[in-house]
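For reference, the structure discussed in these notes is given below.
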Protein chains: 2
Amino acid sequence: MGEGNFERVKPLSPDMFAPGCPSNLTPFRIGDKWAGLVVQCLEEGPRRFSELRVPLRGVTSKVLTETLRALERDGMITRTAYDETPPRVEYELTSLGRTLFEPMEACRKWAAEHLPELVAAREAYPG
Amino acid sequence: MGEGNFERVKPLSPDMFAPGCPSNLTPFRIGDKWAGLVVQCLEEGPRRFSELRVPLRGVTSKVLTETLRALERDGMITRTAYDETPPRVEYELTSLGRTLFEPMEACRKWAAEHLPELVAAREAYPG
DNA sequence: CGGTATCCACATCGATACTG
DNA sequence: CAGTATCGATGTGGATACCG
C-alpha cells in the first residue's frame, strides 16, 4: 500500500530491484544501469512511463527516458503514444525483446543460487 | 602467428572479443567492461596475466589488474603467484566461478542468434 | 613478467527546474 | 502524464611512465 503499482511487478527474488543487486545482469548491462530492469518489468506486459518509475525506485525521468530510447533503438521495445489528455504512452517488448527472457532467466537463476556465496566472499575479503 | 596464445582461447562466435560486442554480457557486466571476457577466457583453464592480455586486446595492465582483483574479491577466481624468476602468476576460476558457465552460455547463445537483428534495428533507427 | 603510480578524458548518472 | 533542459558529481577506462 502506498507503493503504487509495484505489486504488479512480481519480484523474482527478494531484492532483485535493489540498487547494486548483481541480478541486474542480463544481456543489456553494457554499461547501462537500468536497461535490464526495464526489460524485466516489461516481461509481464506493457507498462506506462510512470509505471516503470515505480519499481525502478530512484531512477530519474531523464535517465529512464534515455534507457527507453536506447532499448527502442535496438529493437527491444516499442513506444506507443495515445493522443489523449492527459497523455498516455505505453512501452512493450517486441518479439526480439521477448527473446531476452531465456538468458535473463539463466542470470536470475544464477543469482538466486549463488549470490550468497558472492556476498560472503566479498565480506571475507581483506580490505 | 605472432598472436601469442590467442588461439588457446577458442572464439565462440566471430567477433565475441571485439570491443563493444553485446555478447560481452554475462552476469558480470555490472558496470565492468572486461570481467565477463576474463571469465570467458578462464573457462578453458588457468591463464597467466599476459595470456589474458592477448585476447582482451586493448585492455591496459592497470584495468586488467583491477578487473582480476574484483573477480578475486567476489570469489570467482584465484590468484596463484609462483616464486620464480621471471615471476609467474596464474589465474583460475573457482568452483563458484565455474557456475557462471550456464548463464554465460545462455547469453552467448542469445547473441549468436539475435545479434544481427539488434544491429539491423540499430542501423534502421532514425538518427 | 606482472604489475603500480599518476594523470586525464569522457560518459553516465543524478539533482533540479521547467513544459506541452 | 510524460517528458526536456541544464548542470554538476562521480567514476570508469585509457595513456603513459616506472618498478621489483
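Hydrogens, waters and symmetry mates play no part in the numbers below; they use all other heavy atoms, side chains included. A note on names: the letters A, B, ... follow the listed sequences, proteins ahead of strands, and every chain is numbered from 1.
- As rounded to whole Å, 10 Å separates atom P of D/dT4 from atom CG of A/L68.
- When the side chain to side chain donor-acceptor pair (under 3.5 Å) test is applied to A/E117, the partners found at least two apart in sequence or on another chain are A/H114.
- Between B/S61 and B/T65, the shortest heavy-atom contact is O-OG1, 2.7 Å.
- Distance, B/E90 CD to C/dG2 P: 9 Å, rounded to whole Å.
- Among residues two or more places apart in sequence or in another chain, the side-chain contact (heavy atoms from CB on, under 4.5 Å) test is passed with A/E102 by B/K109.
- A sub-4.0 Å separation between OP1 or OP2 of D/dT4 and a side-chain N or O of A/R69 is present.
- In this structure A/R69 satisfies the salt bridge (Lys or Arg N to Asp or Glu O under 4.0 Å) test with no other residue, sequence neighbours excluded.
- Put simply, CG on B/L64 is 8 Å from P on C/dG3, counting in whole angstrom units.
- Between A/R48 and D/dC1 there is no side-chain N or O to OP1 or OP2 distance below 4.0 Å.
- Projected onto DNA chain D by closest heavy-atom contact, A/R79 and B/E66 fall at different nucleotides, the more 5' of which corresponds to A/R79.
- In this structure, A/R53 reaches neither bases nor backbone, as no heavy-atom distance under 4.0 Å exists between it and the strands shown.
- Applying the 4.0 Å criterion to OP1 and OP2 of D/dA2, one finds that A/R88 has every side-chain N and O outside that range.
- With sequence neighbours left out, the side-chain contact (heavy atoms from CB on, under 4.5 Å) criterion links A/E66 to A/K62, A/V63.
- Using a 4.0 Å heavy-atom criterion, one finds that B/Y91 contacts the sugar-phosphate atoms exclusively.
- Using five terminal pairs a side, the axes of the helix from C/dC1-D/dG20 to C/dG20-D/dC1 at its two ends make an angle of 50°, given in steps of 10 degrees.
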Discussion item. Quick one, B/E43 with B/R108, criterion salt bridge (Lys or Arg N to Asp or Glu O under 4.0 Å). Give me CA distance, side-chain angles, the key distance, then yes/no.
Written reply: CA-CA 13 Å; B/E43 275 178 4; B/R108 288 191 286 251; 3.1 Å; yes
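- The separation between A/E84 atom CD and D/dC1 atom P is 13 Å, rounded to whole Å.
- With sequence neighbours excluded, no residue satisfies side-chain contact (heavy atoms from CB on, under 4.5 Å) with A/A124.
- The side chain of B/R47 places no N or O atom within less than 4.0 Å of a non-bridging phosphate oxygen (OP1 or OP2) of C/dG2.
- Listed by chain and number, the residues in a side-chain contact (heavy atoms from CB on, under 4.5 Å) with B/V119 are B/E123 (sequence neighbours excluded).
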Fill in: Footprint string (nucleotides 14-20 of chain D, 5' to 3'): B base within contact, S backbone only, - free, heavy atoms under 4.0 Å
BB----B
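- B/E51 has its CD atom 16 Å from the C1' atom of C/dG3, to the nearest Å.
- Residues passing the salt bridge (Lys or Arg N to Asp or Glu O under 4.0 Å) test with A/E90 are A/R88, sequence neighbours excluded.
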